[in-house]
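Input: a single structure, listed below in structure tokens.
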Number of protein chains: 2
Amino acid sequence: MEADERAERGERILDAACELLLAWGYRRVTADEIARRADVGKGTVYLHWKNKDALLLAVVLRAKAADHRRQLDRMRADPRDILPSRALRGALLDFMDDPVLRALYLDDSDILGRLHDIAKKELVELVEAGHETLRSQLSTLRAHGLVREDLSVDQQMYVCLATVTGYVQAEVLLPDHAPGRPEERADLLCHTVRTALEPHGDPDPRAVAAAAPGVITRYARLEELSRQEVRRQLRQ
Amino acid sequence: MEADERAERGERILDAACELLLAWGYRRVTADEIARRADVGKGTVYLHWKNKDALLLAVVLRAKAADHRRQLDRMRADPRDILPSRALRGALLDFMDDPVLRALYLDDSDILGRLHDIAKKELVELVEAGHETLRSQLSTLRAHGLVREDLSVDQQMYVCLATVTGYVQAEVLLPDHAPGRPEERADLLCHTVRTALEPHGDPDPRAVAAAAPGVITRYARLEELSRQEVRRQLRQ
DNA sequence: TGCGTGACCAGATTCGACATCTGGTCACGC
DNA sequence: GCGTGACCAGATGTCGAATCTGGTCACGCA
């Protein structure tokens with residue numbers, strides 16, 4: 001059997017599941033309809049995933065992997081994006097663009113239903129790895145003078161996580177008062193994190209260039225891990 | 001009839017309702033049990049409030065009024081608490097202390113049930129007034145050089161609201177990673193807001209003293225408005 | 001020979017009629 | 001004349017019947 005064909009079919013099933021998940025929500029999505037939209041028999045769905053939850057979890061994991069991918073691409077295109085302010089700015093823009101991430105981070109139970117709880121349990125490892133990546137990123141940047149040392153690394157992690165959480169939640173909690181353009185809101189997050197953690201003035205390009213490879217390597221590892229998690233849901 | 005006695009009875013009913021709301025949640029609270037705990041007949045409850053929702057809304061409004069009261073007391077005790085970083089630090093500590101505010105701001109539907117939706121509709125005016133107070137506070141402090149002018153007032157409002165939202169949500173979303181002591185978490189919020197909005201270095205005490213009366217007057221007005229809203233729920 | 005399929009079944013979910021509970025009223029009595 | 005609790009209509013909960021759906025597997029097509 002063609003491995004490529006199998007993989008392509010798997011993607012088609014994921015696409016159909018993703019479409020249905022966003023349109024109907026977890027509770028209303030049926031294995032029958034996923035198979036119909038993906039143009040395969042229902043049994044074929046179960047040749048790829050052991051059950052419906054594993055399939056829908058894979059939809060969420062694929063969105064997260066794509067998110068990590070975009071983050072990594074940005075850092076490779078412009079190393080200044082390794083700075084926490086710029087990295088979180090990008091993360092917020094990605095979040096605003098991707099309806100699956102929106103549903104996941106806003107805990108939209110209309111869409112995710114109990115999938116959120118399942119995802120939380122299954123993603124513990126990945127979230128932990130994300131936190132470790134952030135910790136390592138902050139440590140590296142401190143060593144290069146790109147992040148201040150007036151707070152501990154743990155405190156800076158909390159600042160990053162709490163602040164980005166606020167801007168994410170603000171997307172739904174403060175629909176009025178929000179500056180109209182997504183970029184403007186992302187720039188405000190950037191400003192908040194930069195002033196909280198980074199030294200004044202523009203970052204030294206040589207320090208950025210020196211710190212980039214290490215940070216990018218860690219993010220590449222995180223991206224690889226998230227792609228692994230998508231595959232891990234597959235039956236074989 | 002003694003007006004004092006009536007008011008005292010009203011408080012007792014509010015206390016009982018508050019206790020039950022936190023212990024049982026909106027859905028399980030009954031007018032019968034509130035009356036029993038407050039040692040009054042059920043009819044008496046309805047002499048004070050036109051229905052159960054108005055009573056439970058009054059519970060929430062009373063918590064919000066007490067919150068405004070504490071904020072005002074702090075500003076009067078130490079005028080430096082008019083600075084946004086210090087004001088939001090206090091707001092976060094208050095939030096962490098008061099279970100009703102916790103339920104309200106975290107949208108705890110186990111406790112509030114549909115009361116949250118009712119409150120959102122009824123509180124539009126008060127929330128709007130709170131935002132106007134914040135806007136006026138920022139303008140006043142900018143005029144006294146206590147808040148920077150590198151962002152617009154609207155942008156600074158969004159920074160305040162989004163950031164405090166994040167630290168509030170972080171209380172439940174990041175139970176691990178959170179520094180153990182509430183004060184430490186509040187200090188991190190203080191740091192974040194201060195670096196985002198305020199000039200470097202300690203604030204000029206004379207500028208603070210000059211700006212304080214105006215800001216305190218606005219907060220006093222807000223507190224009065226919130227007390228009015230509690231009374232407005234009463235039947236007479 | 002082996003991958004893909006859809007009819008099939010057990011168990012989960014939904015529905016709706018019936019029973020119980022509770023918000024709000026008001027005639028009574030202290 | 002204010003406070004009360006018995007009372008009632010409508011809201012809410014219960015539980016079995018009917019329907020739906022996840023997951024399997026015997027079959028057939030390539």
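Labels below follow one simple rule: chain letters A, B, ... track the order of the sequence lines, proteins then strands, and each chain is numbered from 1.
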Check whether the side chain of B:K50 and the base of C:dG24 form a donor-acceptor pair under 3.5 Å.
no
Ignoring hydrogens and angles, does a donor from either the side chain of A:K52 or the base of D:dG23 sit under 3.5 Å from an acceptor on the other?
no
Provide, to the nearest angstrom, the distance between the [atom1] atom belonging to [X] and the [atom2] atom belonging to [N].
X: A:R36; N: C:dG4; atom1: CZ; atom2: P; result: 20 Å
X: A:W49; N: D:dG22; atom1: CH2; atom2: P; result: 15 Å
X: A:I34; N: C:dG4; atom1: CD1; atom2: C1'; result: 18 Å
X: A:L47; N: C:dT5; atom1: CG; atom2: P; result: 9 Å
X: A:I13; N: D:dG23; atom1: CD1; atom2: P; result: 14 Å
X: B:D32; N: C:dT22; atom1: CG; atom2: C1'; result: 7 Å
X: B:E33; N: C:dG23; atom1: CD; atom2: C1'; result: 15 Å

Between A:D187 and A:R181, does the salt bridge (Lys or Arg N to Asp or Glu O under 4.0 Å) criterion hold? Intermediate values first, please.
CA-CA 10 Å; A:D187 286 339; A:R181 290 170 34 252; 5.4 Å; no
For B:D94, the option from B:R70, B:R69, B:K64, B:R89 that meets salt bridge (charged side-chain N to carboxylate O under 4.0 Å, His left out):
B:R70
Under 4.0 Å between a side-chain N/O of [X] and OP1 or OP2 of [N], yes or no?
X: B:T44; N: D:dG3; value: no
X: B:T30; N: C:dT22; value: no
X: A:R9; N: C:dG4; value: yes

Looking across every strand, which nucleic acid part, if any, lies under 4.0 Å from A:V40 by heavy atom: base, sugar-phosphate, or nothing?
sugar-phosphate
Return whichever of A:A31 or A:G43 has its heavy-atom-nearest nucleotide of DNA chain D closer to the 5' end.
A:A31
Assign each of A:R28 and B:R28 to its nearest nucleotide of DNA chain D by heavy atoms, then name whichever residue's nucleotide is nearer the 5' end.
B:R28
Pairing partner (Watson-Crick or G-U wobble, both distances under 3.5 angstrom) of C:dC26
D:dG5
Result for 5'-nearest mapping on DNA chain C, choosing between A:K42 and A:R27, is A:K42
Under 4.0 Å between a Lys/Arg side-chain N and an Asp/Glu carboxylate O for B:E171 and B:R185?
yes
Hey, is B:R74 close enough to B:D78 for a salt bridge, meaning N to O under 4.0 Å?
no
Do A:T163 and B:Y167 have side chains that approach each other closer than 4.5 Å (heavy atoms only, starting at C-beta)?
yes
